[in-house]
Engineer: 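Once you've had a glance at the structure underneath, I'll fire off some questions.
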Amino acid sequence: MSLDIATRVYNHGFRIDPIVRTLLDTDFYKFLMLQLIREKSRDVRATFGLINRTKSVRLADVIDEQELRDQLDHARTLRFQKNELIWLAGNTFYGVKQIFKPEFLDWLEGFQLPEYELRRTDDGQYELRFDGLWSETTLWEVPALAIVSELRARAAMKGMSRFELDVLYAKAKAKLWGKIERLRVLAQEGPLKISDFGTRRRHGYLWQKWCVEALQEGLGDNFVGTSNVKMAMAAGLEAIGTNAHELPMVYAALAESDEALRNAPYDVLRDWQEMYDGNLLVMLPDTYGTTQFLRNAPDWILNWKGLRPDSKPPIEGAEEAIAWWQLHGCDPREKLIVLSDGMDIDTIEEAARHFRNRVNLSIGWGTNVTNDFRHCAPDGKDDRLQAISLVCKVVSANGRPAVKLSDNANKATGPAEEIARYRRVFGHQDLMAQPLLV
């Protein structure tokens with residue numbers, strides 16, 4: 001029976017209605033990276049910080065500070081349940097059984113999210129930071145983003161009547177189903193692989209659950225899984241994900257020289273392939289610029305399964321990867337491209353048709369599947385529910401500033417003087433300023 005989300009939202013009668021109810025409500029790549037961090041960087045400290053790149057939205061004016069603290073405090077009370085750890089231990093991921101080592105799972109059993117620091121800033125934002133061992137702070141990223149995102153949505157819906165909420169969700173459901181119907185047509189034309197990547201900036205947990213179930217029902221085998229581990233477990237889906245920018249950001253922050261800094265992104269991949277293989281060998285090349293990464297990449301990286309362009313326009317980024325493989329004598333049809341940056345129905349259709357029979361293409365559908373309420377608000381005030389560009393990034397490692405350049409210069413993070421140094425070391429002529437979507 002379909003869940004009545006509108007009634008549930010309207011009946012917020014609890015002292016606290018938890019947004020995060022299990023530590024498994026996170027992205028799968030966090031566990032893969034965490035196992036590597038525990039293996040290679042157990043004593044490294046890392047600070048993560050919330051960054052709202054949509055400055056026009058003053059989060060501290062929208063989200064009540066005590067409600068935010070209550071949600072963060074509740075997340076700190078959570079522990080991994082025995083059935084969740086059994087599932088992680090016994091399930092097959094990417095065709096591999098027992099991908100997580102017993103020692104790692106034993107450590108997870110006693111895990112607790114570390115403390116946080118929260119304060120309001122003069123520009124109407126929240127400064128939310130998590131400082132401690134990298135192996136502990138890393139698991140704050142996804143729940144922190146999900147909490148802030150859902151609290152903003154709750155604030156926007158506060159005061160809506162039961163029928164207004166019903167209309168809101170009816171419109172959002174119809175909108176998503178319309179996208180699914182277009183994807184069903186697309187799947188009839190050729191291979192299609194869609195997965196849900198929408199946990200971090202979702203409208204809400206219950207809404208993401210409905211979206212995953214709708215994708216599963218509407219797309220069948222063309223829906224290949226979800227990055228959300230809890231939802232994968234509950235729905236019998238594949239848990240999808242590999243690695244993220246935080247790995248090269250920390251490795252780079254710890255580099256002792258410019259040469260070590262230039263090599264840091266490749267050191268990450270060398271360590272990764274010592275622990276994982278097969279379809280988990282998907283590189284993320286854009287942390288300090290895709291073009292220079294590929295130009296200077298060692299030959300052994302050509303053996304990796306695929307690549308995830310993340311901050312260039314999707315077709316442009318994928319074409320660059322295909323050209324790189326062809327230049328080195330590799331057949332792109334044997335490689336995998338994962339497109340996941342701001343994808344939506346139009347760009348999914350365009351990319352699928354553009355790359356058909358040229359490369360194995362997989363689409364990670366994120367914020368635009370789990371938080372697309374544009375033109376759905378019954379009072380017309382859609383800006384309150386419009387998704388914003390919210391991230392939680394590493395800001396320092398062992399007290400040294402962490403930097404991300406990205407292919408999109410507008411996504412650069414870190415102190416200005418460090419960004420300038422990284423641009424000198426890695427080059428900046430290939431980095432372009434592009435609008436921030438999500």
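For this chain, numbers begin at 1 and follow the sequence in order. Side chains included, hydrogens not; waters and symmetry mates left out as well; all remaining heavy atoms used.
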Engineer: Determine whether a donor-acceptor pair (N or O, by modelled atom type, separation under 3.5 Å) exists between the side chain of Q71 and the backbone of I19.
Structural biologist: yes

Engineer: Classify the side-chain pair K30/T138 by whether it contains a donor and acceptor separated by less than 3.5 Å.
Structural biologist: yes

Engineer: Just wondering, do Y126 and I63 contact through their side chains at under 4.5 Å, heavy atoms?
Structural biologist: yes

Engineer: Under a plain distance cut-off of 3.5 Å, with no hydrogens placed, do S389 and R53 share a side-chain donor-acceptor pair?
Structural biologist: yes

Engineer: Between T291 and K312, do the side chains contain an N or O donor and an N or O acceptor separated by less than 3.5 Å?
Structural biologist: yes

Engineer: Does the distance from a Lys or Arg side-chain N to an Asp or Glu carboxylate O, for D25 and R202, drop under 4.0 Å?
Structural biologist: yes

Engineer: Side chains of D123 and T121: do they bring a donor and an acceptor to under 3.5 Å?
Structural biologist: yes

Engineer: Does any N or O in the side chain of N222 come within less than 3.5 Å of the main-chain N or O of L219, such that one atom is a donor and the other an acceptor?
Structural biologist: yes

Engineer: Could you check whether the rings of Y288 and F426 sit parallel, tilted or perpendicular, using 30° and 60° as the cut-offs?
Structural biologist: parallel

Engineer: As a test of understanding, state which of F104, F80, F93 forms a ring pair (Phe, Tyr, Trp, His ring centres under 6.0 Å) with F31.
Structural biologist: F80

Engineer: Are K158 and E67 close enough for a salt bridge, meaning some N to O gap below 4.0 Å?
Structural biologist: yes

Engineer: So, do W207 and F373 have ring centers that fall under 6.0 Å from each other?
Structural biologist: yes

